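Please read the structure below before turning to the comments.
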Amino acid sequence: MIKITLPDGSGREYNSSVTALKVAEDISPELAEEAICAEVNNKPVDLNYPIDTDSTVVIHTFKNDKGKEVYWHSTAHLMAQAVKQLFPDVKIAIGPAIEQGFYYDFDRDEPFTEEDLQKIETRMKELSAKALPYYRTELSKAEAIELFSKMDETYKLELLEDIPENEIISSYRQGDFIDLCRGPHLPDTGKIKAIKLLRTSGAYWRGDEKNKMLKRIYGISFPTEKELADYLHFLEEASKRDHRKLGKDLDLFSINDEVGPGLVLWHPKGAMVRHLIETYWKEEHLKKGYQLVYTPHLGRANLWETSGHLNFYKENMYSKMDIDGQDYYIKPMNCPFHISIYNSSLHSYRELPIRLAELGTVYRYERSGVLHGLMRVRGFTQDDAHIICTPEQMDREVDKLIVFSLDMLKAFGFKEFLIYLATKPEDCVGEKEDWDKATASLANSLQKLGLEYKVDSGGGAFYGPKIDIKIKDALGRAWQCTTIQFDFNEPERFDMIYIGGDNSAHRPYMIHRAVLGSVERFFATLLEYHSGNLPLWLAPVQIMLIPITDAQINYARKIEEQLLEQGFRCELDSRSEKMGYKIRSAEKNKIPFMCILGKNEAANNQITLRQHTVGDLGAMNWEEAIAILRKEL
RNA sequence: GCCGAUGUAGCUCAAAGGUAGAGCAAUUGAUUUGUAAUCAAUAGGUUGGGGGUUCAAUUCCCUUCAUCGGCUCCA
C-alpha cells in the first residue's frame, strides 16, 4: 500500500506503484489536463515518475511559478529542436526559463533574422502538433560524454566537465532532439499551444565577455492563444508607460546628441518634479538627524589615490584633467569629500553618529551599450549620505536606515520591493573577518525586521558588503534604488578617528548609503510606476484653468491668482479653442485637475472641477473646491 | 565594449536611384463654443554626420555618431 499525501493534507492510497499523472487524474480530469510536472517529497519530477513509497505529492500547473518554469524550459527544448532541424550546423549551449519566457543560446556564425524566427516558430508549431513525448534517460558521466561527443555538441561537453564523476546525469529526448538536462519536463510537446519568439541578441558563453558571443533567441509560450494575446497586449501597454516616452510626451527631460549620450537635460516640468522630490528628501533627512553638505565636482588625484578609487574604480572614472600642472579627476562618488569634512576637525564619541547628506552629482563612465534613458546615465545625482558612528552604534544605524528607506519609498507610492544582501566580491579591499562580521550585521538587521531578501553572492562594493533595494520598471526589469553599504576601507585610508570616553583615538565605522539611489533613476521609476499620472503633490502642473469663452478669461485669472496664493501650481489655457479641445489637451498632459470656468461659474462665483481620468466633479464654491484639492495632497 | 535592429519636419509615420509627403503640434486669421479634437491659410526637412559608386544618392556601398533590444557591467 502506497500512501500519497497532497498539499491540502488529504491523502490517497494505491496498491502498487503510481505516477503523479495518475494521482492528478484521480483528483480531476482538468488537473490531469493542466498538469505540467510534479514534486514528490520536494523533488521536482516528470509526471510519469514512478512513485513506489509513501510520499507527499504536489502537482504543478501553469498557474504557479514552478509549473511556468518547466513549461517554458520545455518550450526552449522545442525551440532548440526546431533550430537544429532548420540549421543543422548550429551548436546548442544553454536554454533556461526566465521570469517571462525562455531563451536558448546557439553558436552560429550568421545572426538569426526576422525570417529565421518566423521559420523557427512555424517549425515549433508543427513539432508541437505532433505531441512528441519528452523521454528521460539517466546515464553515467562517461555515457553522457560519449553521447554528446557523437553529436559534436562541444558546449554540452564543457558543461559535463563540471559535473562530478559519480553523479547521475539525465538527458531528455523529444523526437530527433536530445539535450543534456536535469528536467523535469512536460509530458509532450503537444502541451505547448501558443508560441511567440520575441527577439534575438548576442550573449557571451557562460556570461563571460572573454568567451565567444553566442546568438540568443528569446521567446514565450502559453497553454492558450488568449494568454499569449494578453501577454503581448501587456507588453504594448508597458511600452506606453516607458519613462522615455512619457518624458518626451510630457516634456519633462531630454537627452541630446549634441550635448552627449547619458547626459540629462531637465526641462522645466521635469525640473519641478525633481525639485519637489529633493525638497521632500531634504526635509525628511533633517528630521532623521542628517546634516546637509555641499561638495565640489572635482578633486585632486591625491584624494582619489587615498580613497582607493584610482585603484579599484578607475575604469569608471573620466580621464584626468590638468589644472596648473596638477592632476584632477571629476568625481564618481562623494565619499572622499564627506570624509574630508569629517576630518576637518577632531570629533568626540559624544558627537557620533554624524550623518552627512548631499544630493551629490557624480559622473561615471558607462560603456556605450548600457545607457538607458534616465535609468542608466553618465552624469547623475545620488541622494548620498555617510554615517560615521562607533562600532556599538552600527547595528542600530543599519536598522534605522532600512526602515527609513522603505518609508521613503512608500511615501512615493511604491509598495513592492526586492531586497538583496550583496556579499564580498573577488576584487576588494579589507580583511575577510571584517567582511564576515559586517555581512552578518547587515543580514541580522534584515532578519530582525522580518524582511525577505536574497543573497547576491559576490555583488558587494569593493569596499564593503551592502543591502540593495530594487524597484521594477514598466517591463518588470528591476532597478536598484536604495543601497546601504558598509565601508571599512575608507576610514582606514583617510585615518578617520574619534576620541573615545577613554580619551584615546578610535577608528569609527562608516556606512555609505543612498535611499532613492539616483534622482534620475528614481524619477524614471516613479514615472513608470504611476504611468505618468503623478500624485497631486508631485505633479508639475496641478490644475489647468479652462475658461469656456474669452469672456471668462478675467474670472479665470482671478481664480488662478487665488490658487497660486494657496500654493497650487496652475496654468491658464487662454487659447481660443473649444472647451473640449482644452480638456483633451489637459487630459493628455496628465494634469490632475481641470478647472472649468464658464458664464455660470462667473455669475455665481463658482468653480467646476474635473479630475484627470475621473471626469466632471460638478460646480462648487471656492471652499468646497479647495477642500477637494487639499484632500488629494 | 560585444551581438542584432533602427535613424526622414517638434511628435507619430509615408514614399522613393531622377533631389520628399500626411496627421498631430506650431504660427496667422476667422470662430466664442458647457466636459477628450471648430474651420481655413501659412510655415516647417542638407532624409543623423562624413566619404564612396553613379550622369544623378535621401534610396546602393563604406565609415562614424546616436537610439532601441539584449550580453557584460552598474545608482
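Naming: A, B, ... by sequence-line order, numbering from 1 per chain. Since the structure is predicted, the reported quantities are computational estimates derived from the model, not experimental observations.
Applying the Watson-Crick and G-U wobble criteria (two distances, each under 3.5 Å), B/A43 pairs with nothing in any strand. Applying the Watson-Crick and G-U wobble criteria (two distances, each under 3.5 Å), B/C11 pairs with B/G23. Across all strands shown, B/G4 forms a Watson-Crick or G-U wobble pair, both distances under 3.5 Å, with B/C68. The pairing partner recorded for B/A56 is none, the criterion being a Watson-Crick or G-U wobble arrangement whose two distances lie under 3.5 angstrom.
Applying the ring pair (Phe, Tyr, Trp, His ring centres under 6.0 Å) test to A/His243 and every residue at least two apart in sequence or in another chain returns nothing. Here A/Glu237 pairs with A/Lys240 under the salt bridge (charged side-chain N to carboxylate O under 4.0 Å, His left out) rule; sequence neighbours left out. Residues satisfying the side chain to side chain contact (heavy atoms under 4.5 Å, CB included) criterion with A/Tyr363, sequence neighbours excluded, are A/Leu263, A/His297, A/Tyr318, A/Ile330, A/Thr361. A/Lys454 pairs by the salt bridge (charged side-chain N to carboxylate O under 4.0 Å, His left out) definition with nothing, not counting sequence neighbours. Shown here are the salt bridge (charged side-chain N to carboxylate O under 4.0 Å, His left out) partners of A/Lys84, two or more places apart in sequence or in another chain: A/Glu153. A/Glu110 is linked by a salt bridge (charged side-chain N to carboxylate O under 4.0 Å, His left out) to A/Arg108, counting only residues two or more places apart in sequence or in another chain.
Note on residues 249-274 of chain A: pairs passing ring pair (Phe, Tyr, Trp, His ring centres under 6.0 Å), not counting sequence neighbours, are A/Trp266-A/Phe523.
Near RNA chain B, defined here as any heavy-atom distance below 4.0 Å, the residues from residues 257-268 of chain A are A/Asp257, A/Pro261, listed numerically. Within residues 518-527 of chain A, the residues having any heavy atom closer than 4.0 Å to RNA chain B are, in order of number, A/Ser518, A/Arg521. Annotation: proximity of residues 600-620 of chain A to RNA chain B (heavy atom, distance under 4.0 Å) is found for A/Asn600, A/Glu601, A/Thr608, A/Arg610, A/Asp616, numbered in ascending order. A heavy atom closer than 4.0 Å to some atom of RNA chain B occurs in no member of residues 412-420 of chain A.
Within 4.0 Å (heavy atoms only), A/Glu587 reaches at least one base atom of the nucleic acid. Heavy atoms of A/Met594 sit nowhere under 4.0 angstrom from any nucleic acid atom. In this structure, A/Gly207 reaches the sugar-phosphate backbone alone: every heavy-atom distance under 4.0 Å involves primed, P, OP1 or OP2 atoms, never a base. A/Phe112 comes within contact range of no nucleotide atom at all, as no heavy-atom separation falls under 4.0 Å. At a threshold of 4.0 angstrom between heavy atoms, the contacts of A/Tyr581 are confined to the sugar-phosphate backbone, with no base atom among them. Here A/Arg364 lies in heavy-atom contact (under 4.0 Å) with a base. Residue-level contact check: A/Val362 touches neither bases nor backbone, having no heavy atom under 4.0 Å from any strand. Using a 4.0 Å heavy-atom criterion, one finds that A/Gly580 contacts the sugar-phosphate atoms exclusively.
In 5' to 3' order, the nucleotides of RNA chain B bounding all contacts with chain A (an atom under 4.0 Å from a heavy atom) are B/G1 to B/A75.
Side-chain N/O atoms of A/Gln552 and A/Thr549 include a donor and acceptor closer than 3.5 Å. A side-chain N or O of A/Thr113 and one of A/Asp116 form a donor-acceptor pair less than 3.5 Å apart.
Under a cutoff of 6.0 Å and an axis angle of 45°, A/Lys470 and A/Tyr420 form a cation-pi pair.
Using a 4.0 Å cut-off between charged nitrogen and carboxylate oxygen, A/Asp242 and A/Arg244 count as a salt-bridge pair. Comment: A/Arg610 does not engage A/Asp616 in a salt bridge, judged by the lack of any side-chain N to carboxylate O separation of less than 4.0 angstrom. A salt bridge does not link A/Arg584 to A/Glu587: none of the charged nitrogens lies less than 4.0 Å from a carboxylate oxygen. Between A/Asp407 and A/Lys288, none of the side-chain N atoms (NZ, or NE/NH1/NH2) sits under 4.0 Å from a carboxylate O, so this pair counts as no salt bridge.
A heavy-atom distance below 4.5 Å is found between the side chains of A/Ile92 and A/Phe106. Between A/Phe488 and A/Tyr463, every side-chain heavy-atom pair lies at or beyond the 4.5 Å cut-off.
Taking atom C1' in both B/A41 and B/U35, one finds a spacing of 30 Å when rounded to whole Å.
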